[in-house]
Peer 1: 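Here it is, the structure, as structure tokens.
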Amino acid sequence: SGCIQKTMAAICPKYLEHGFCIHGTSCTLQHIDKPPTSAPTPLQINGNMLKTSFGNLTLEDISSTPTFIPSSHHITRTEMQQQPPLIQAPTHIDYYLPSTRMEMPTRAFIPTPSHLEIPSADNSTGNELCDMLMYQQSITSLYIESKLPDIDKYYALHPLEPELPAVEPQGNMYTFSYPSVCYRAYNSIDGCVYTLHRYKNCQINTSETKKILDRWRSLSHPNIVRIHDAFPTKQFGDNSFVVVYDFCAGARNLKQLHFQKDQGFLDESLLWNYIIQLTAAIRTVHANKLSCRMINPSKIIVTGRNRIRLNCLGVMDLLMGAVLDDPTKPFLIQHQQQEDIVELGKLIVCISCNSISAIHQSNLPKSSDVISSTYTADVRTLLQHLLNKSQQPKKINDLMPMIGARFYTHIERLRVENDTAQNELLKELENGRLFRLLCKINSVLDRPEHMLDPGWCETGERYILKLFRNYMFHKVDELGAPWIDLPHLLMCLNKLDAGSLEQLMLTSPHEQSVIICTYKDIKNNFDKCFNEIFMMQGSL
């Protein structure tokens, strides 16, 4: 008992100071009547003396949790409520957990971790990223009951846009010469969400479909919506052709985003951002000996932070047929690629002037004046190269010198966004680590029965874990009110996961027993108990 009493005095001098002693090997506490001293004994933490007083209260540190000890006279509840708060709780608690496994020294005041503080302007980028991802996830995971039929392995179809009329309106050409509608659907095999583009009343040569689909399916680029499947179906009651793409949650096309009334001209930095992304996507398509054949504002979507994606690539080849690697027609793909470059120039003119009709022949002089007065000469030079006819075939790589040093700015912005995403990912990795630890702890504790022993969770190593759970979650102040201390909880979990050699004192709820151990001891007991349960699962 003398050894235990010395250890108790080293860890918790409060018990000896206020008249507590230890009897026997059961580690029970007995109170000895002793008048309180007029001045509290200073705490010794890591060889340093610490004493902090607030009026009639003295704040001591007991295992990194603030505990209030009365001084010369008793403090009533009314007086306690009139005292100013000693530690201000954070007004905002983020859902991120600390990312550290280091052993932290015991101290009286635990500073609020940076991710528990009120977000500042410096962290606005990370918060914006989290909000955007949560919004996209809410859209993706939203399940809506559907009355539409299941199509092949796709179910729960939900329309993302109104259907076009079956009869083509006069003067309004369909984008792909067929009425179409877009659905969001779940895949019954992988459980992921996809976008289904349905084209009505079309007859497709299925013998060429697989070859064309394989060529486009092998194409992967961050600025291209990837195609996954294409097949005919009669589930809608007609001859429909369905093309399956990735689902981009929260996406809007350029027509919805930049061609609205009373909208100002596009900022030139954003215009160049679009140009860089569009040229990068077209360059990849042309390098694979393919052509876009559809550079239309309604088929180019924007997601996240001005992320451009070419959508519906390959549809023209699937619906209208394509000549791939035909030695008898070597110039057909090259001709289509030249049309892509011209269409890119027309798209930039429309975006610059904020009008789809800006490229019409009658509006070209006015469009030229708007571009000259609004943007720099580099934009005009780029458009002249894209739109002017030339005897020599144009290549998308020829635009790189015209983009110039703006490409460095684009790369720098991507690196910053990548660093932000990595920082948020690191927080989520720590969240997952501590979440798995809590799951394992709760799978052991309070188990009703194990190995035909109803008291299994109340004896042996499990009892220490139960006291440790109370030590983390069930703290109270001197008035018996719950004490919510999130930094204390996170610190305990990190020390447990790391197996720290720091000692702590665990007491029963009625203070009838005391156990002094290290986090490493608790970790070893915890691993033993969890492995025992894990090995027994499915064996009974």
Side-chain angles (χ1 to χ4, degrees), residues 62-66 89-90 92-104 106 110-117 126 130 133-134 137 141 423-451 455-477 481-509 515-538:
I62 305 298
S63 301
S64 303
T65 300
H92 171 80
I93 296 181
D94 210 343
Y95 48 86
Y96 303 122
L97 305 181
S99 53
T100 176
R101 291 171 180 255
M102 299 176 56
E103 297 184 11
M104 300 172 60
T106 306
I110 303 176
T112 303
S114 59
H115 55 276
L116 299 179
E117 296 176 351
C130 295
L133 293 178
M134 292 178 65
Q137 180 62 23
S141 59
N423 291 335
E424 299 303 320
L425 176 61
L426 179 60
K427 295 177 183 179
E428 295 304 323
L429 290 176
E430 292 300 310
N431 287 350
R433 177 176 62 84
L434 297 182
F435 173 75
R436 289 190 295 271
L437 184 61
L438 284 175
C439 290
K440 293 170 68 176
I441 291 176
N442 284 279
S443 66
V444 174
L445 296 176
D446 297 331
R447 183 170 289 275
E449 182 178 350
H450 182 64
M451 298 294 293
W456 179 80
C457 65
E458 301 287 342
T459 59
E461 295 88 352
R462 282 76 61 188
Y463 186 64
I464 297 178
L465 295 177
K466 185 174 182 179
L467 294 183
F468 180 69
R469 190 265 308 271
N470 295 339
Y471 174 76
M472 288 193 299
F473 292 98
H474 300 162
K475 285 287 185 179
V476 295
D477 59 14
W483 180 275
I484 307 300
D485 192 358
L486 182 59
H488 165 75
L489 168 63
L490 303 179
M491 183 185 64
C492 290
L493 289 174
N494 280 307
K495 289 182 178 180
L496 174 64
D497 195 27
S500 172
L501 297 177
E502 179 182 336
Q503 289 182 325
L504 71 160
M505 183 182 65
L506 305 176
T507 61
S508 61
I515 298 177
I516 299 175
C517 58
T518 64
Y519 286 94
K520 185 176 180 61
D521 297 331
I522 300 176
K523 179 179 176 64
N524 293 336
N525 293 336
F526 165 62
D527 291 339
K528 179 180 178 182
C529 296
F530 181 79
N531 290 334
E532 179 181 348
I533 294 177
F534 185 79
M535 296 301 295
M536 290 298 297
Q537 65 174 351

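Numbering starts at 1 and runs along the sequence shown.
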Peer 1: Just do the side-chain contact (heavy atoms from CB on, under 4.5 Å) check on L467 and T507 with the steps written out, would you?
Peer 2: CA-CA 7 Å; L467 294 183; T507 61; over 6 Å; no
Peer 1: For K520, which residues count as a salt bridge (charged side-chain N to carboxylate O under 4.0 Å, His left out) partner, sequence neighbours excluded?
Peer 2: none
Peer 1: Check this for me: does any side-chain nitrogen of one of E424 and K427 sit under 4.0 Å from a carboxylate oxygen of the other?
Peer 2: yes
Peer 1: Under 4.5 Å between any side-chain heavy atoms of L506 and I464, yes or no?
Peer 2: yes
Peer 1: Which distance, rounded to the nearest 0.5 Å, do you find between the OH of Y463 and the CG of L445?
Peer 2: 12.5 Å
Peer 1: Should the pair R433-D497 be classified as a salt bridge under the 4.0 Å nitrogen-to-oxygen rule?
Peer 2: yes
Peer 1: Any luck finding a side-chain donor-acceptor pair between N431 and R436 under 3.5 Å?
Peer 2: no
Peer 1: Do F530 and I441 have side chains that approach each other closer than 4.5 Å (heavy atoms only, starting at C-beta)?
Peer 2: no
Peer 1: With no hydrogens and no angle check, is any side-chain donor or acceptor of N470 less than 3.5 Å from a backbone partner on H474?
Peer 2: no
Peer 1: Can you confirm whether C517 sits close enough to I522 that some side-chain heavy atom of one is under 4.5 Å from a side-chain heavy atom of the other?
Peer 2: yes
Peer 1: With a sphere of 6.0 Å drawn around CZ of F534, does it hold more than 12 non-hydrogen atoms of other residues, nucleotides or ligands?
Peer 2: no
Peer 1: To the nearest 0.5 Å, tell me how far D485 CG sits from D477 CG.
Peer 2: 12.0 Å
Peer 1: Between R462 and F526, is any pair of side-chain heavy atoms under 4.5 Å apart?
Peer 2: no
Peer 1: Nearest 0.5 Å, what's the CD1-OG distance between I515 and S508?
Peer 2: 8.5 Å
Peer 1: With rounding to the nearest 0.5 Å, note down the distance linking OG in S443 to CG in L438.
Peer 2: 10.5 Å
Peer 1: Working note: L504 + Y519, criterion side-chain contact (heavy atoms from CB on, under 4.5 Å); need CA distance, chi angles, decisive distance, verdict.
Peer 2: CA-CA 8 Å; L504 71 160; Y519 286 94; 4.1 Å; yes
Peer 1: Rounded at 0.5 Å granularity, tell me how far CE in M134 sits from OG in S141.
Peer 2: 10.5 Å
Peer 1: Please name all residues satisfying side chain to side chain donor-acceptor pair (under 3.5 Å) with K528, sequence neighbours left out, ordered by chain then number.
Peer 2: E461
Peer 1: Does a side-chain heavy-atom distance below 4.5 Å link L490 with K495?
Peer 2: no
Peer 1: Should L465 and V444 count as side-chain neighbours, where that means a heavy-atom distance under 4.5 Å?
Peer 2: yes
Peer 1: Do H488 and Y471 pass the ring pair (Phe, Tyr, Trp, His ring centres under 6.0 Å) test, and can you show the C-alpha distance, the side-chain angles, and the key distance before you say yes or no?
Peer 2: CA-CA 10 Å; H488 165 75; Y471 174 76; 5.0 Å; yes
Peer 1: Quick one: does M472's side chain get under 4.5 Å of L493's, heavy atoms only?
Peer 2: yes
Peer 1: To the nearest 0.5 Å, tell me how far C529 SG sits from K440 NZ.
Peer 2: 11.5 Å
